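Reviewing the structure listed below.
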Amino acid sequence: MDRYEELIDMALDARKLAYAPYSKFKVGAALLGKNGVVYMGCNVENASYPATNCAERTAFFSAVSEGQREFEAIAIVGGKDTISELEYCAPCGVCRQVMREFCDPKSFEIILAKNRTEYKVYTLEELLPMGFGPENLG
Ligand code: THU
C-alpha cells in the first residue's frame with residue numbers, strides 16, 4: 001500500500017477521537033517517526049479556548065514523550081464534523097513552529113489530505129520559510 005495512503009488512513013482514524021465540542025472542527029494527524037512508528041493525534045479543545053491543543057501538536061508531544069524525536073512525515077485531515085467531504089486543512093503557525101523544532105525543513109513531508117486518494121505534499125520549508133529553529137540558539 002502507498003505509504004501516504006496508509007498515513008492518511010491513520011489520520012482519518014485519529015480524527016474520530018477529536019474532542020471539539022466548541023468549534024465542531026475535528027482534526028486528525030498521523031506522524032511517522034524515523035523509527036517506523038506512527039504517532040496519532042487529535043485536537044483537544046477546552047472551555048478556556050486558548051488551552052486547546054491542535055491535532056498535530058498532540059501527535060508530536062505524544063511521540064516526544066515516548067522518546068521519539070526524529071520524524072519523516074505527517075498526514076493531516078480536518079474539517080467541520082457536519083460536512084461529508086473534507087477540504088484541505090493546513091497546520092496553524094504554532095504547529096509549524098513545533099515541527100521546526102524536531103524536523104528537517106527540506107525533507108520533512110506534510111501531507112494534507114481530503115481523503116486517501118486526494119492529497120497534497122509539502123516540505124516543512126515550503127510551509128515555514130526562513131523559520132527560527134534550534135540551530136539559531138547555537
Ligand atoms: N486545529 C487543529 O487541530 N489543527 C489545525 O491544523 C488547525 C486547527 C483545531 C484547533 C481547534 O480545536 C479547531 O481546529 C478550530 O480551530
Side-chain angles (χ1 to χ4, degrees):
M1 188 197 279
D2 181 281
R3 69 192 274 269
Y4 293 140
E5 289 183 6
E6 202 170 333
L7 261 194
I8 292 164
D9 279 344
M10 295 178 91
L12 288 165
D13 272 350
R15 182 171 177 264
K16 293 177 190 157
L17 298 176
Y19 176 72
Y22 306 107
S23 72
K24 318 276 188 208
F25 193 92
K26 295 187 168 183
V27 186
L31 173 63
L32 175 62
K34 287 195 174 170
N35 59 352
V37 175
V38 177
Y39 301 88
M40 322 270 279
C42 62
N43 53 333
V44 183
E45 297 189 344
N46 193 283
S48 174
Y49 291 5
T52 292
N53 208 55
C54 289
E56 298 89 327
R57 271 176 291 146
T58 305
F60 268 89
F61 296 158
S62 169
V64 173
S65 65
E66 289 182 33
Q68 183 60 28
R69 296 179 181 174
E70 295 186 323
F71 304 99
E72 287 191 1
I74 189 170
I76 304 164
V77 295
K80 283 267 184 184
D81 61 2
T82 45
I83 58 168
S84 53
E85 289 185 18
L86 297 176
E87 294 300 326
Y88 293 117
C89 173
C92 80
V94 175
C95 289
R96 294 177 201 206
Q97 185 63 35
V98 168
M99 293 174 193
R100 183 68 179 74
E101 186 69 21
F102 298 104
C103 306
D104 173 14
K106 291 195 188 302
S107 63
F108 183 68
E109 293 181 313
I110 299 165
I111 303 141
L112 308 184
K114 289 188 184 182
N115 54 58
R116 68 200 310 274
T117 54
E118 283 182 279
Y119 58 83
K120 299 194 278 196
V121 184
Y122 299 91
T123 64
L124 176 56
E125 190 175 51
E126 288 176 305
L127 297 193
L128 188 69
M130 271 191 80
F132 186 86
E135 67 281 5
N136 292 108
L137 296 177

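These values consider heavy atoms only, across backbone and side chains, with no hydrogens, waters or symmetry-generated copies. Note that ligands are numbered from 1 as they come in the structure, with each ligand's atoms numbered from 1 the same way. Worth saying up front: this structure is predicted, and the values here are computed from it rather than measured.
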Taking [atom] as the reference point, the nearest protein heavy atom with its distance:
atom	answer
atom 9 (C) of ligand 1	Asn43 ND2, 3.5 Å
atom 3 (O) of ligand 1	Ala55 N, 2.9 Å
atom 8 (C) of ligand 1	Cys54 SG, 4.2 Å

For ligand 1, is there an atom lying under 4.0 Å from some heavy atom of Cys95?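 The answer is no, since Cys95 has no heavy atom less than 4.0 Å from ligand 1.
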Quick check on Ala90 - does any of its heavy atoms sit under 4.0 Å from an atom of ligand 1? yes
Please tell me whether Phe108 and Leu128 are part of a single hydrophobic cluster in this structure, the criterion being side-chain heavy atoms less than 4.5 Å apart.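 Phe108 clusters together with Leu128.
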Given the rule that I, L, V, M, F, W and Y join up when any side-chain heavy atoms are under 4.5 Å apart, are Val98 and Leu127 in one cluster? yes
Can Arg3 and Glu72 be counted as an ion pair, charged N to O under 4.0 angstrom? yes
Taking atom 1 (N) of ligand 1 as the point of reference, which of Leu112, Val44, Thr58, Val27 owns the nearest heavy atom?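 Residue with the shortest heavy-atom distance to the ligand atom: Val27.
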Determine, considering heavy atoms only, which of Glu45, Lys80, Glu56 sits nearest to atom 11 (C) of ligand 1.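 Closest candidate by heavy-atom distance is Glu45.
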Counting each atom of ligand 1 from 1 as listed, which ones have a heavy atom of Cys92 under 4.0 Å away?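 Close to Cys92: 6 (O).
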Numbered atoms and elements of ligand 1 in range of Ser23, under 4.0 angstrom, heavy atoms: 13 (C), 15 (C)
Measure the spacing between CZ of Arg116 and CD of Glu6 and express it to the nearest 0.5 Å.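 Here the rounded value is 9.0 Å.
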Gap separating the CZ atom of Arg100 from the CD atom of Glu135, nearest 0.5 angstrom: 4.0 Å
Students often mix this up, so state it plainly: with edges at 30° and 60°, are the rings of Phe71 and Tyr39 parallel, tilted or perpendicular? perpendicular
Heavy atom of protein closer than 4.0 angstrom to atom 6 (O) of ligand 1: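 Within 4.0 Å of atom 6 (O) of ligand 1, protein heavy atoms are found.
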Ala30 versus Ala11, closest heavy-atom pair with distance: CB-N, 3.6 Å
